[in-house]
Protein chains: 2
Amino acid sequence: MEKQEIVEKQKTMKDCSSKILAVRDALEIFSGKWKFPIIGALIHLQESGFKELQRMVGDITPKMLSKELKELEMNHLVKRTVLDTRPVTVIYSITEYGKTTQNIMYSLYEWGTKHREKIKEDMK
Amino acid sequence: MEKQEIVEKQKTMKDCSSKILAVRDALEIFSGKWKFPIIGALIHLQESGFKELQRMVGDITPKMLSKELKELEMNHLVKRTVLDTRPVTVIYSITEYGKTTQNIMYSLYEWGTKHREKIKEDMK
DNA sequence: TATACCAGTATCCTATAGGATACCATTAAT
DNA sequence: ATTAATGGTATCCTATAGGATACTGGTATA
C-alpha cells in the first residue's frame, strides 16, 4: 500500500468505528428479545394494561415483561401510569421519546416481513 | 365496551401481533451484541480480512467474531472468500442480501447518535 | 534468530437472559 | 361459592452469551 492509500484507509477506519459506537449505544438500550416487540405493541396500541400487553407481545412471561418494562421506563421510552381506581388500573404508554424509535421499528418490521417471504421462496 | 368497539379492538390486536412476529423474525437473525456492528463494518469497508474486521468492530474477541460471522454467513448476509495465496487470504464481504439491512443499520446509527447527544444534554 | 502478522481454534469460566411454575390481594361476574 | 380477571412478585432452573487467555502453523520482516 502506498502512503496516501494508508492515510485514506485510516480515515475510513476512524469514521467507521465511531459510527459503530453509535450503533452499539442503541443496541444496549434495545438489548434482549423483547424490547422491540414491547415498543412495537405500545406504538400500535397507544396505551395498554399489563395483561393486555402480555397477550399482545406473544409468549413473554410476566417476569420478563415486568423486567423489560422497568428498563424501558428507566430509559424514558415508556411511561407507567397508575390510576387510583379499585383495583388499581395501570396504564403503560409510549413516550414522545419512545416514538423516536419508529424508524428502527419500521425498518425491522419491513425487513422481517421480506425475510420471511424470502425463506418461504428458498424452501420451494 | 360495546360490541362494535370489541370487534375493532380485536382487529387491531391481530394486526399488531402479526407485525410483532415479523419484528421477532428479524431480531432472531440479528440477535446478540455483535451482528449489527459486524454488518455495519462490512457495509462501510466493502470487504475485510478477519483481523482488520476485529480491529474495526472494537473489542470483540476472535472467538465471538468467528462465531458471529458463521451465523451471518449461514443467513446469507456475509460471504467468506478464501484466496489461494500463502498464507491464505480470507476476505469477508457483505452480500447483496446483506445490503438490504441498510435501513435498519442506518436508523440504528441515527438513533444511537441522537441518543448519545440526549444523554449528554440530560447530564448538564 | 527473534519477533510479528495472519486466520482463526481450544479451553475455561461466569453472569445473566429467560423459561416454568406458583402465588398474592382485590374485585367483578356466574 | 366459585371462577376469572387484574398487576404483578417469588422461586427455581438451565442454556448460552460472551469474556479471558493461550495456542497453532505458516510467512515475512527486522
Legend entry - Sequence-distant partners of B:K67, side-chain contact (heavy atoms from CB on, under 4.5 Å), two or more places apart: B:M64, B:E71

Inset, instruction - Give a yes or no on whether B:Y106 and A:Y109 share a hydrophobic cluster (residues Ile, Leu, Val, Met, Phe, Trp, Tyr; joining criterion: side-chain heavy atoms under 4.5 Å apart). - result: yes

Inset, instruction - Can you sort out which residues in residues 74-83 of chain A have a heavy atom within less than 4.0 Å of DNA chain C? Ascending by number, please. - result: none

Legend entry - Between C:dA7 (P) and B:E52 (CD): distance, integer Å: 9 Å

Inset, instruction - Could you list the residues that satisfy side-chain contact (heavy atoms from CB on, under 4.5 Å) with B:D59, not counting sequence neighbours? - result: A:R24, B:W34

Inset, instruction - Return the set of residues passing ring-ring contact (aromatic ring centres under 6.0 Å, His included) with B:H115 (not counting sequence neighbours), or none when no residue passes. - result: A:Y97, B:W111

Legend entry - Protein-nucleotide distance (B:K51, atom NZ; D:dT27, atom C1'), rounded to Å: 15 Å

Identify each donor-acceptor pair in which a side-chain atom of residues 77-85 of chain B lies under 3.5 Å from a protein atom, sequence neighbours left out, and give them as a table.
residue	atom	partner	partner atom	Å
B:R80	NE	B:Y92	OH	3.2
B:T85	OG1	B:P87	O	2.9
B:T85	OG1	B:T89	N	3.1
B:T85	OG1	B:T89	OG1	2.7

Legend entry - Linked hydrophobic residues, B:M74 as query - side chain contacts closer than 4.5 Å: none

Legend entry - Terminal axis angle for the helix from C:dT1-D:dA30 to C:dT30-D:dA1, five pairs an end, nearest 10 degrees: 0°

Inset, instruction - Report the residues that fulfil side-chain contact (heavy atoms from CB on, under 4.5 Å) with B:R55, sequence neighbours left out, ordered by chain and then residue number. - result: B:K51, B:E52

Inset, instruction - Could you list the residues that satisfy side-chain contact (heavy atoms from CB on, under 4.5 Å) with A:E47, not counting sequence neighbours? - result: A:I91, A:S93

Legend entry - Expected output: side-chain B:Q54 to main-chain B:L65 donor-acceptor under 3.5 Å: no

Inset, instruction - Respond yes when some side-chain nitrogen or oxygen of B:S66 is under 4.0 Å from OP1 or OP2 of C:dA7, and no when none is. - result: no

Legend entry - With sequence neighbours excluded, residues passing salt bridge (Lys or Arg N to Asp or Glu O under 4.0 Å) with B:K118: B:D122

Report all interatomic pairs (protein N or O, nucleotide N or O of nucleotides 17-27 of chain C) with separations under 3.5 Å.
residue	atom	partner	partner atom	Å
C:dA17	OP2	A:K67	NZ	2.8
C:dG18	OP1	A:K33	N	3.2
C:dG18	N7	A:K63	NZ	3.2
C:dG18	O6	A:K63	NZ	3.4
C:dG19	OP1	A:K33	NZ	2.6
C:dG19	O6	A:K63	NZ	2.2
C:dT27	OP1	A:R86	NH1	2.7

Inset, instruction - Using whole Å, report how far CG of A:L65 lies from C1' of D:dT6. - result: 14 Å

Inset, instruction - Give the rounded distance in Å between these two atoms: CD1 of A:I38 and C1' of D:dG7. - result: 15 Å

Inset, instruction - Would you mind listing every salt bridge (charged side-chain N to carboxylate O under 4.0 Å, His left out) that reaches into residues 99-112 of chain B, with sequence neighbours excluded? - result: B:E96-B:K99

Legend entry - Length of the line joining B:F50:CZ and D:dT24:P, which is rounded to integer Å: 18 Å

Legend entry - D:dT6 phosphate, OP1 or OP2, under 4.0 Å from A:Y92 side-chain N/O: no

